[in-house]
Amino acid sequence: MSLGQELAPHLPFLRRYARALTGSQGHGDAFVRATLEAIVAAPGDFPRDVDPRLGLYRTFHAIWSSANIEEDPGASSGVDPESIAQARLARITPLSRQALLLTAMEGFTPEDAGYLIGAQPNEVERLVAEALAEIERQTRAEVLIIEDEPIIAMDIETIVRDLGHSVTGVAVTRDEAVAQAIARRPGLVLADIQLADDSSGIDAVKDILQEFQVPVIFITAFPERLLTGERPEPTFLITKPFQRSTVKAAIAQALFFDQATIPA
């Protein structure tokens, strides 16, 4: 099997990670392209002493680290996602966010995450706790949940409230979701893909975004179907069945880039 064939199944998830780390589909995909270009240019430099997925993420981190895009946290005062992130970076180190996303969202063990960011496993665990605590201190939001499975909706609502956020409502159809969003504008939307009346959570979100801008996290059992590169895609994805830590990490990261929760 060629190196390209080995890496192909992991690319949608690397793109998910890159987007969550940067808060931008464009920036995240650009880093992934740069990673692949580096591998193609020097295949002999690709780490072959580890699992291909680890080698892929390790190469990505080398590209990410060399870009130095997170220097000078106070330099930007705009309201685009990258500028909003800059308002927080003085308080949260990039290493902490990488540790959080690698373990909670991407499912790496503390040992593997440590390999990727150059830290010991116990240091990774400390960084994760540090990132969650600091992000939670900086972000508070009202959350709309679009989910037609009652048990899952209850679980998500509990997670949201445990993080200190409030829930504006739980919608089970596209029309209900749009009506609730307009009636009480949320600061974050958590949306399933397939809804109770066979309507689409994606269409519901599109309708909401036509009314106002809000960060969105999609929940799906098939994230690779949404990460094809063939159309505009969500920045934040949670894979079903999900871990509570994954939902917490996604919420924290989505709000990290949201203008409404910029720290004073």
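Numbering starts at 1 and runs along the sequence shown.
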*Asks:* Does a side-chain N-to-carboxylate-O contact under 4.0 Å join R161 and E157?
*Replies:* yes
*Asks:* Less than 4.5 Å apart, side chain to side chain, heavy atoms only: is that true for I39 and L7?
*Replies:* yes
*Asks:* Hydrophobic clusters here meaning ILVMFWY residues chained together by side-chain heavy-atom distances under 4.5 Å, can you tell me if L144 and F212 are in one?
*Replies:* yes
*Asks:* Just do the ring pair (Phe, Tyr, Trp, His ring centres under 6.0 Å) check on H10 and Y17 with the steps written out, would you?
*Replies:* CA-CA 11 Å; H10 306 299; Y17 171 69; over 10 Å; no
*Asks:* For the backbone of I63 and the side chain of S66, can you confirm whether one donor and one acceptor N or O come within less than 3.5 Å of each other?
*Replies:* yes
*Asks:* Any chance NZ of K206 has more than 12 other-residue heavy atoms, nucleotides or ligands included, within less than 6.0 Å?
*Replies:*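 Atom NZ in K206 is not packed in, count stays at 12 or less.
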*Asks:* Please determine, by modelled atom types, if S96 and E130 share a side-chain donor-acceptor pair under 3.5 angstrom.
*Replies:*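 Side chains of S96 and E130: pair found under 3.5 Å.
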*Asks:* Is it the case that one hydrophobic cluster holds both Y57 and L36, taking links as side-chain heavy atoms less than 4.5 Å apart, direct or via other members?
*Replies:* yes
*Asks:* Is the cationic atom of R15 (NZ for Lys, CZ for Arg) positioned less than 6.0 Å from the six-membered ring centroid of F13 and within 45 degrees of its normal?
*Replies:* no
*Asks:* Any donor-acceptor pair under 3.5 Å linking the side chain of Q5 with the backbone of S2?
*Replies:* yes
*Asks:* When you check the gap from the basic side-chain N to the acidic O, do D162 and R244 get nearer than 4.0 Å?
*Replies:*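 R244 and D162: salt-bridged.
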*Asks:* Tell me whether V172 is reachable from I208 by hopping between hydrophobic residues (I, L, V, M, F, W, Y) whose side-chain heavy atoms are closer than 4.5 Å.
*Replies:* no
*Asks:* Quick check: does any side chain N or O of H27 sit under 3.5 Å from a backbone N or O of T22, one acting as donor and the other as acceptor?
*Replies:*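 Here the side-chain-to-backbone pair does not exist.
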*Asks:* Using a strict cut-off of less than 4.0 Å between a Lys/Arg side-chain nitrogen and an Asp/Glu carboxylate oxygen, indicate whether E147 and K240 qualify as a salt bridge.
*Replies:*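 Between K240 and E147 there is a salt bridge, with a charged N closer than 4.0 Å to a carboxylate O.
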*Asks:* Would you indicate whether the side-chain heavy atoms of L127 and L95 approach each other to under 4.5 Å?
*Replies:* yes
*Asks:* I need the minimum non-hydrogen distance between A249 and A104, along with the two atoms involved.
*Replies:*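 What the structure gives for the nearest pair is CB-CB, 3.5 Å.
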*Asks:* Has the side chain of T246 got a donor or acceptor atom that lies under 3.5 Å from a matching backbone atom of F242?
*Replies:* no
*Asks:* Would you say I217 and L188 make side-chain contact, with heavy atoms under 4.5 Å?
*Replies:*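 A side-chain contact exists here, since the closest heavy-atom pair is under 4.5 Å.
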*Asks:* Apply side-chain contact (heavy atoms from CB on, under 4.5 Å) to T109 and V124, showing your working.
*Replies:* CA-CA 9 Å; T109 65; V124 170; over 6 Å; no
*Asks:* Does M154 belong to the same Ile/Leu/Val/Met/Phe/Trp/Tyr cluster as I251, with side-chain heavy atoms less than 4.5 Å apart forming each link?
*Replies:* no
*Asks:* Walk me through whether E111 and Q120 qualify under side-chain contact (heavy atoms from CB on, under 4.5 Å).
*Replies:* CA-CA 7 Å; E111 290 76 15; Q120 294 298 315; over 6 Å; no
*Asks:* Is any NZ, NE, NH1 or NH2 atom of the basic residue among R53 and E6 found under 4.0 Å from an Asp or Glu carboxylate oxygen of the other?
*Replies:*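 Here R53 does not pair with E6 in a salt bridge, since their nearest N and O are not under 4.0 Å apart.
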*Asks:* To the nearest 0.5 Å, tell me how far E149 CD sits from I156 CD1.
*Replies:*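 E149 atom CD to I156 atom CD1 measures 10.5 Å (nearest 0.5 Å).
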*Asks:* Between R174 and D197, is the closest basic N to carboxylate O distance under 4.0 Å?
*Replies:*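 Looking at R174 together with D197, the answer is no, because their closest N to O distance does not fall below 4.0 Å.
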*Asks:* Flag the pair L116 / L102 as yes when at least one side-chain heavy-atom distance between them is below 4.5 Å, and no otherwise.
*Replies:* yes
*Asks:* Working to the nearest 0.5 angstrom, can you tell me the gap between R19 CZ and D29 CG?
*Replies:*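 Between atom CZ of R19 and atom CG of D29 there are 4.0 Å.
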*Asks:* Taking it one step at a time, do H165 and E142 satisfy side-chain hydrogen bond (donor to acceptor under 3.5 Å, both in side chains)?
*Replies:* CA-CA 6 Å; H165 309 299; E142 292 192 327; over 6 Å; no
*Asks:* Given the rule in the side-chain contact (heavy atoms from CB on, under 4.5 Å) test, do D192 and T220 qualify, once you have shown the distances and angles that lead to the verdict?
*Replies:* CA-CA 6 Å; D192 192 6; T220 175; 5.6 Å; no
*Asks:* Less than 4.5 Å apart, any side-chain heavy atom of L11 and any of L56?
*Replies:* yes
*Asks:* Count the heavy atoms of every other residue, nucleotide or ligand shown that sit under 6.0 Å from CD of Q194, and state whether that count exceeds 12.
*Replies:* yes
*Asks:* Where is the tightest heavy-atom contact between A99 and V128, given as atom of each residue plus distance?
*Replies:*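 It is O-CG2, 3.4 Å.
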*Asks:* Given side chains that start at C-beta, do those of I219 and I193 come closer than 4.5 Å, heavy atoms only?
*Replies:* no
*Asks:* Check whether any side-chain heavy atom of Q180 lies under 4.5 Å from a side-chain heavy atom of V170, and answer yes or no.
*Replies:* no
*Asks:* Of the non-hydrogen atoms in A8 and P12, which two are nearest, and what is the gap between them?
*Replies:*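 For A8 versus P12, the nearest heavy atoms are O-CD, 3.6 Å.
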*Asks:* Can you name the nearest heavy-atom pair linking T103 to L100, along with the distance?
*Replies:* OG1-O, 3.3 Å
*Asks:* Do you know which two heavy atoms are closest between L21 and W64, and how far apart they sit?
*Replies:*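 Scanning both residues, the minimum pair turns out to be CD2-CE2, 3.6 Å.
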*Asks:* Mark yes or no for whether R58, through its side chain, and P47, through its backbone, hold a donor-acceptor pair below 3.5 Å.
*Replies:* no
*Asks:* Tell me whether L3 is reachable from F60 by hopping between hydrophobic residues (I, L, V, M, F, W, Y) whose side-chain heavy atoms are closer than 4.5 Å.
*Replies:* yes
*Asks:* side-chain contact (heavy atoms from CB on, under 4.5 Å) for L190 and V160? Distances and angles first, verdict last.
*Replies:* CA-CA 10 Å; L190 295 175; V160 168; 3.8 Å; yes
*Asks:* Test ring pair (Phe, Tyr, Trp, His ring centres under 6.0 Å) on F108 and Y115 and set out the steps.
*Replies:* CA-CA 10 Å; F108 285 107; Y115 166 78; 9.5 Å; no
*Asks:* Mind running side-chain hydrogen bond (donor to acceptor under 3.5 Å, both in side chains) on R185 and T168 for me, showing each step along the way?
*Replies:* CA-CA 8 Å; R185 182 176 297 194; T168 64; over 6 Å; no
*Asks:* Considering non-hydrogen atoms only, spot the tightest contact between I146 and A204 and give its length.
*Replies:* CD1-CB, 4.5 Å
